[in-house]
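FYI, side chains are in, hydrogens and waters are out, and symmetry mates aren't considered; it's all heavy atoms of this structure. By convention in this document, chain letters (A, B, ...) are assigned in the order of the sequence lines, proteins followed by strands, and residues within each chain are numbered from 1. Here the structure is a predicted model, which means the values were calculated and not measured.
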Amino acid sequence: MNIFSLDTLSIAKNLLGYTFIHESVEGKTAGIIVETEAYLQDDPACHAYRKKSVRNAPMFGKAGTIYVYQIYGMHFCVNISTNQEDIGEAVLIRALEPTEGLDLMEERRLKHSKLTQMKPKDLCSGPGKLVQAMGINKNMNDWHILDSGLKIIPPKIQIADSDIITTVRIGITQGADLPYRFYIKENKFVSKL
DNA sequence: CGTAAGATGAAG
DNA sequence: TTCATCTTACGG
């Protein structure tokens, strides 16, 4: 059964453990999704809370549509749209545990900052970081994941419910008390505890 | 139009 | 804790 047939909160939770892959011309990078957040239609923190606009349109696309937006004038975040068309919901990918192409990830990350070295932990431990490391850009906005060079592969063994921590989301002021953030227990690659 | 806030990251 | 940096949403 397809993960995208579930409701948004279930998708956000079930996406933990999936491998996120980007095959680009520069090479392949991949990592395990260890942290996600859900953004729902009736949720004041959701970009699609009020109405459909040019910016949030991909959130209203069919499940699997990529939504890339710029934040704080300098960083980008990736989401995967969920639910049926015309429902503005999505899951934000917040952190990956890098598994493949670590050298390429580091090269990309260093190019975006003034640092000269980077630990594996700093490669993808945040929404803006993983976008850099994975070579994701605004061009991919509104593409469908099947046509984007991006892939998600289910884990061999589903992450146990007892290994999933649920908390409030990071960096928002509206809907700050909603428990829509999920991460893998004791995983050191999550952005924050 | 003018402007404030924003799903962040790095440095102090 | 502060700053860098800029698009978008929203009020006037």
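Across all strands shown, Gln70(A) has heavy atoms under 4.0 Å from sugar-phosphate atoms exclusively, and none from any base. His47(A) comes within 4.0 angstrom of a nucleotide base, judged by non-hydrogen atoms across all strands. Lys114(A) comes within 4.0 angstrom of no nucleic acid atom, judged by non-hydrogen atoms across all strands. Base contact: Met59(A) has a heavy atom under 4.0 Å from a base atom. Nucleic acid contact class of Thr173(A) (heavy atoms, under 4.0 Å, all strands): sugar-phosphate only.
No option in Thr8(A), Thr65(A), Asp7(A) other than Thr8(A) meets the side-chain hydrogen bond (donor to acceptor under 3.5 Å, both in side chains) test with Thr82(A).
Between the CZ atom of Phe76(A) and the P atom of dG9(B) there is a distance of 13 Å, given to the nearest Å.
Taking hydrophobic clusters as Ile, Leu, Val, Met, Phe, Trp and Tyr residues chained together by side-chain heavy-atom distances below 4.5 Å, Leu123(A) does not share a cluster with Leu104(A).
Side-chain proximity of Met74(A) to dT5(C), dA7(B), dT8(B): nearest is dT5(C). Listed nucleotides dA7(B), dC6(C), dA10(B) differ in distance to Tyr69(A); the shortest reach to its side chain belongs to dA7(B). Each of dA4(C), dC10(C), dA9(C) was ranked by its minimum atom distance to the side chain of Lys51(A); first place goes to dC10(C). For Arg94(A), the side-chain atoms get nearest to dT8(B) when compared with the rest of dA10(B), dT8(B), dA9(C).
Counting heavy-atom neighbours within 6.0 Å of Leu146(A) CG, excluding the residue itself, gives a total above 12. Atom NZ of Lys138(A) has more than 12 heavy atoms from other residues, nucleotides or ligands within 6.0 Å.
Side-chain nitrogen and oxygen atoms of Ser113(A) include none within less than 4.0 Å of the OP1 or OP2 phosphate oxygen of dG9(B). For dA7(B), neither phosphate oxygen OP1 nor OP2 lies less than 4.0 angstrom from any side-chain nitrogen or oxygen of Arg181(A). Checking the phosphate oxygens (OP1, OP2) of dT8(B), no side-chain nitrogen or oxygen of Arg169(A) falls inside 4.0 Å.
Using P as the reference atom, dT5(C) and dG2(B) are 23 Å apart when rounded to the nearest Å.
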